[in-house]
Amino acid sequence: MTTPAPTASSAAAVPPVVAVAYHSGFGHTAVLAEAVRDGAADAGAAVHLVQDKLAAGFTNSGSKSGDKLHTLQFFTVLAAQHGMHWINLGLPSGWHSTTASENDLNRLGFYLGAGAVHKADIATADHLGRRVAAQAAVYAAGRAAVAA
């Protein structure tokens, strides 16, 4: 089923949602994050400031490698700098035995996230989304248990 593109009138009826994900060791970044929040809210967005975040990543390029690993490594360092908890694929590499094929999940062995150029990579990205949702549920349940 195809969802029609929003028209100007329908787009205006639904305010955009903006998440400002940040970490502030000494409070300086918090001041900037709050200013971004205020500006986005003044422009009509529903805004959330987020701490203790979960993060995951995916990337794409025009070739099988194309520096995707480097991009994912950069994302993990950036996430750590912002106090994020990185969710990896949680999958072994695929396509690594005589019975394996290019249609295996994680066929290129990107453990840090998904790298897409093939239908199996799209399925791997789908797996990553499901894993992030599952880990977010575990994280939220743990936070609720600690608070209780």
Side-chain angles (χ1 to χ4, degrees), residues 1 3 5-6 10-97 100 102-148:
M1 177 163 79
T3 305
S10 68
V14 178
V17 177
V18 175
V20 181
Y22 73 99
H23 172 73
S24 185
F26 299 100
H28 301 95
T29 304
V31 170
L32 294 174
E34 291 164 0
V36 170
R37 176 202 57 207
D38 294 345
D42 289 346
V47 187
H48 307 281
L49 293 179
V50 185
Q51 297 255 17
D52 294 326
K53 302 143 301 276
L54 299 178
F58 59 91
T59 184
N60 190 24
S61 68
S63 65
K64 284 186 180 181
S65 177
D67 294 326
K68 287 190 273 297
L69 177 60
H70 176 76
T71 301
L72 291 169
Q73 289 170 328
F74 172 78
F75 288 167
T76 62
V77 172
L78 181 65
Q81 290 173 337
H82 288 274
M84 295 177 165
H85 305 281
W86 190 260
I87 308 293
N88 61 52
L89 281 177
L91 287 174
S93 63
W95 204 10
H96 67 288
S97 71
E102 69 176 327
N103 295 313
D104 291 347
L105 291 183
N106 198 22
R107 70 188 182 102
L108 298 176
F110 292 113
Y111 303 100
L112 294 176
V117 295
H118 182 274
K119 66 181 180 178
D121 303 330
I122 295 167
T124 302
D126 181 81
H127 168 85
L128 178 61
R130 292 171 192 278
R131 181 162 164 82
V132 168
Q135 292 300 305
V138 168
Y139 190 84
R143 180 171 294 280
V146 169

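Residues Y139 and D52 meet the side-chain proximity criterion, which asks for heavy atoms closer than 4.5 Å. Contact of the M84 side chain with the T76 side chain is not registered, since no non-hydrogen atoms from C-beta on lie closer than 4.5 Å. You'll find the side chain of Y111 stays beyond 4.5 Å of the side chain of N88, heavy atoms only. Considering only heavy atoms from C-beta on, H23 stays 4.5 Å or farther from T29 through its side chain.
Atom CG of residue L105 and atom CG of residue L128 lie 11.5 Å apart, to the nearest 0.5 angstrom. For the atom pair CD of Q73 and CG of D67, the computed distance is 10.0 Å after rounding to the nearest 0.5 Å. Separation of atoms CH2 (W86) and CD (Q135) is listed at 13.5 Å; rounding is to 0.5 Å. To the nearest 0.5 Å, atoms CG (D104) and CG (L91) are separated by 10.5 Å. With values rounded to the nearest 0.5 angstrom, T124 atom OG1 is found 12.5 Å from K119 atom NZ. For the atom pair CG (L112) and NE2 (H70), the distance works out to 12.5 Å, reported to the nearest 0.5 Å.
For the pair A56 and V132, the tightest heavy-atom approach, listed with the atom from each and the gap, is CB-CG2, 3.3 Å. Contact detail for G113 and L89: the closest heavy-atom pair is O-CD1, 3.2 Å. Scanning both residues, A55 and A79, for their nearest heavy atoms gives CB-CB, 4.2 Å. The minimum heavy-atom distance linking K53 with V50 is given by the pair CG-CG1, 3.0 Å. Of all heavy-atom pairs between G44 and P15, the closest is O-CB, 3.2 Å. Of all non-hydrogen atoms in N60 and K68, the two that sit nearest each other are CA-CD, 4.1 Å.
At distances below 3.5 Å, at least one donor-acceptor pair connects side-chain atoms of N106 with backbone N or O atoms of F110.
In this structure, F58 places its CZ atom where only 12 or fewer heavy-atom neighbours from other residues, nucleotides or ligands lie under 6.0 Å away. Within a 6.0 Å radius of NE2 in H118, more than 12 heavy atoms belonging to other residues, nucleotides or ligands are found.
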